[in-house]
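What follows is a single structure, written as structure tokens, with notes after it.
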Amino acid sequence: MIPFNVPPLYGTEEEKIHDAIQSHKICGDGEFTKKCNQWIEVNTGCPKALLTTSCTHALEMAALLCKIQPGDEIIMPSYTFVSTANAFVLRGAKIVFVDIRPDTMNIDENLIESAITEKTRAIVPVHYAGVACEMDTILSVAEKYGLYVIEDSAQGVMSSYKGKALGGIGDFGCFSFHETKNYSMGEGGALLINDEKYIDEAEIIREKGTNRSQFWRGKVDKYRWVDFGSSYLPSELNAAYLYAQLEHDKEIYNDRMDTWNRYNAGLQDLKEDGKIELPFVPEECVHNAHMYYIKVKNIEERQNLIQYLKENNVETVFHYIPLHSSPAGLKWGRFHGKDCFTTKDSERLLRLPMYFRMPPEYAECTINTIKKFFARNR
Ligand SMILES: *Cc1c(COP(=O)(O)O)cnc(C)c1O
């Protein structure tokens, strides 16, 4: 069976974890965490990055830093992972979903303004498949109405928009290092703080509401409870695993890009025959080959194709069930405007096997099996 995903493993992770063990500091914020934070700062230009236990937790930290209150409204796409919404629902906010663009599956930037009310506090663009949302429009709407922009850049590590790294564009950016993402530590993430005025507060929230980070740096002589907070910092063991991969960021990037390009070239014929649609990357976006997806006619055809690929030993998966029609989404959210593409296109999308060091034959086999399916169903 060709698996859909294999967690990234470069080969030097065990060595790094061994080093972490030998350093006799395995709790958070040791040398490896610092190195990961620095890697993010250097590669995104953000003034401060803080490694977290997940992207979910980075989003929760952003919601706390934005002081989201019960009744506040947050605008985001419905075609996203549950954590994008949960982080704000936990603060009592209402989620206002707007439709996506069918070409990138990202929030339709032109529908955001009409969804804004007096209660709106933030916009949360999600960079689907590591392809950037139309950030210039989003930033200008946010500025006009005084709203926060929190980028859910879980899939966008090493992607850019007009030369700016994703996660480093809004007020806050959130990365994921889950095992399904391009660079991983098992479970983990990072909060990118793009406005320096939030750095001290973010460090306090992440360290259980204490000023422990300042204490370690020698800025205060004892640490104490100074504000609300939780424990959002990962162990050094996890950070060591991640750093092993960040050291080889380009190699991992290029390897995934080779697979992505192989799919994209191999599936052109089917696209030209009008059988399937392929991903679209706008000119101003550089993506990171996080995902390769195709879109078929409808949900029935997708189910048949998944089944056919499975019978031929290729594992493929669909993606998000739109949040607005999910039980929790009905309770805490509402869809603004018409759902033209969110439901329809989410039902047509199929993700193909894609992971670091996937053998080229696997991509070829997947391509050929898809071609056979469409030849058979002519
Ligand atoms: C993976 C993902 C998350 C959640 O990341 P975790 O690190 O597992 O919490 C959030 N949003 C999007 C868009 C994701 O793809």
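As the structure lists them, so they are numbered: ligands from 1, and atoms in each ligand from 1.
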Pull out every atom of ligand 1 sitting under 4.0 Å from any heavy atom of V126, numbered as shown with elements. 13 (C)

Protein heavy-atom partner closest to atom 11 (N) of ligand 1 - residue, atom, separation in Å: D152 OD2, 2.8 Å

Quick one: does G188 get a heavy atom under 4.0 Å from ligand 1? yes

With atom 2 (C) of ligand 1 as the reference point, say which of H178, M291, K181, Q155 has the nearest heavy atom. K181

Compare all side-chain heavy atoms of D345 with those of K295 and state whether any distance is below 4.5 angstrom. yes

For the pair H319 and Y293, evaluate ring pair (Phe, Tyr, Trp, His ring centres under 6.0 Å) and give the outcome as yes or no after the intermediate values. CA-CA 10 Å; H319 215 178; Y293 66 79; 9.1 Å; no

With the side chain counted from C-beta on, respond yes when L242 and L51 share a heavy-atom pair under 4.5 Å apart, and no when they do not. yes

Regarding K181 and the six-membered ring of F177, is the cationic atom NZ or CZ under 6.0 Å from the ring centre and inside 45° of its axis? no

Examine ligand 1 and decide if any of its atoms is less than 4.0 Å from a heavy atom belonging to Y320. yes

Atom 14 (C) of ligand 1 - nearest protein heavy atom and its distance: A154 CB, 3.3 Å

Just wondering, do P125 and M135 contact through their side chains at under 4.5 Å, heavy atoms? yes

Within 45° cone of W216 ring axis and under 6.0 Å: K34 NZ or CZ: no

As an exercise, identify every atom of ligand 1 less than 4.0 angstrom from a heavy atom of S54. 7 (O), 9 (O)

4.5 Å side-chain heavy-atom contact, L192 and C174: no

Just to check, does H127 reach to within less than 4.0 Å of ligand 1 when the distance is taken from its heavy atoms? no

Lys/Arg cation over aromatic Y10: R357, 6.0 Å, 45° cone: yes

If we only count N/O pairs under 3.5 Å, is S176 in contact with ligand 1? yes

Nitrogen or oxygen atoms of F81 and ligand 1 under 3.5 Å apart: no

How close does the nearest protein non-hydrogen atom get to atom 9 (O) of ligand 1, and which residue and atom is it? T56 OG1, 2.5 Å

